[in-house]
Amino acid sequence: MDNNKRPDSMARITTKEQADAFIAEQVQQIKAQVGDKKVLLALSGGVDSSVVAALLIKAIGKQLVCVHVNHGLMRKGESEQVIEVFKNQLDANLIYIDATDRFLDLLKGVSEPEKKRKIIGGEFIKVFDEEAKKLEGISFLAQGTIYPDILESDGVKAHHNVGGLPEEMKFELVEPVKLLFKDEVRVVGKALGLPVSMVERQPFPGPGLGVRCLGAITRDRLNALREADAILREEFDKCGLNTKVWQYFIAVPDLKSVGVKDSKRYEGWPAIIRAVNTTDAMSATIEEIPYDVLKRITARITAEVEGINRVLYDLTPKPVGTIEWE
Ligand code: XMP
């Protein structure tokens, strides 16, 4: 039997009962595969790796070693949430590495998008590899591969993601959700008790805010972006747009314009809102955000975020525009 083919008889997991049955079955399989050995997992905080982590913790507890690399390009509060959920609530064996300085130092002055992506991807592998080498007795590597990754193995994720690991890491793989579609992974994650904000997390590029802080990244502009993005998310939560819009975020270009703040000339960057709906990310439409919500977001970002003096709403569908700006 081809282990990478979803059997035709496999029902789509949509209910808690189906998810519980899947979890029970996987827990048995993982125990049988792993025995008393140790498993390593790169925990990004995304839906797939989080669900795999929770499943493995249920099956083998502290035999799982999770490594979370904070590349300094996460959205506000995301690394903190990984620590809170996995270390504090699930008592996981979690190694947290704040590699912010390493990444931002390497990215200094680099404005070309592909070069930025390569640096972030390459450095991620290096940091993870260094940590893996310090650990003893690891026999398995767990991965959040899902069925669409197998179906489109040369698709977006394969060439984009920072999760790719070095060739010489010769571990046996543990991939408990590899036959599931994304919606099923979310149902399983909820059944495992992960927070909704984690299970319903929007797609997030592996290079993170690095692709939204356009041009050469500076710490002050990256901070401004992160704070403005947090305000956008808060305001969408308040008015229910968070459950309606597929993906929304802020991008900040490397461009300043003149403004006025506290009766003084104030040069700042514009914060660009992107809020799109799509089913497959191949094409996307623009959400019609109510005007009062846009005005509130604008007022808050310009008042609360150091360095931002304008807020723009990107009305461009995909095509012509891509979803991300870089
Ligand atoms: P674009 O900008 O190409 O984005 O319209 C389509 C979708 O892909 C996401 N995206 C990425 N996802 N790693 C990922 O896993 C990446 O490097 C990456 N770049 C873009 C983007 O957020 C959108 O949902």
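Because only heavy atoms are used, hydrogens play no part in the values below, and waters and symmetry mates are left out as well, while side chains stay in. Read the numbers this way: they start at 1 and go in the same order the structure lists the ligands and their atoms.
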Salt bridge check, [Y] against [X]: does any charged N sit closer than 4.0 Å to a carboxylate O?
| X | Y | result |
| --- | --- | --- |
| Glu130 | Lys133 | no |
| Arg75 | Glu78 | no |
| Arg186 | Asp48 | no |
| Asp20 | Lys16 | yes |

Is it the case that ligand 1 has an N or O less than 3.5 angstrom from some N or O of Pro203?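 No, Pro203 has no N/O under 3.5 Å of an N/O on ligand 1.
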
Looking at ligand 1, does any of its N/O atoms fall within less than 3.5 Å of an N/O of Pro205?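 N/O-N/O distance below 3.5 Å does not exist for this pair.
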
With atoms numbered from 1 as shown, which atoms in ligand 1 lie under 4.0 angstrom from a non-hydrogen atom of Trp246?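 Result: 24 (O).
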
Ligand-side contact atoms (ligand 1) for residue partner Lys318, heavy atom cut-off under 4.0 Å: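 In order of numbering, the contacting atoms are 1 (P), 3 (O), 5 (O), 6 (C).
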
Heavy atoms only, cut-off 4.0 Å: how does Phe249 contact ligand 1, side chain, backbone, both, or neither? neither

Which segment of Pro207 sits under 4.0 Å of ligand 1 when only heavy atoms are counted: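 It is the side chain that touches ligand 1; the backbone stays farther off.
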
Report yes or no: does a heavy atom of Gln202 sit under 4.0 Å from some atom of ligand 1?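 The answer is no, since Gln202 has no heavy atom less than 4.0 Å from ligand 1.
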
When the ring centroid of Phe171 is compared with that of Phe140, is the distance short of 6.0 Å?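 Centroid separation for Phe171 and Phe140: 6.0 Å or greater.
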
Taking the inter-plane angle between the rings of Phe236 and Tyr248 on a 0 to 90° scale, is it parallel (under 30°), tilted (30 to 60°) or perpendicular (over 60°)?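 Phe236 and Tyr248: tilted rings.
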
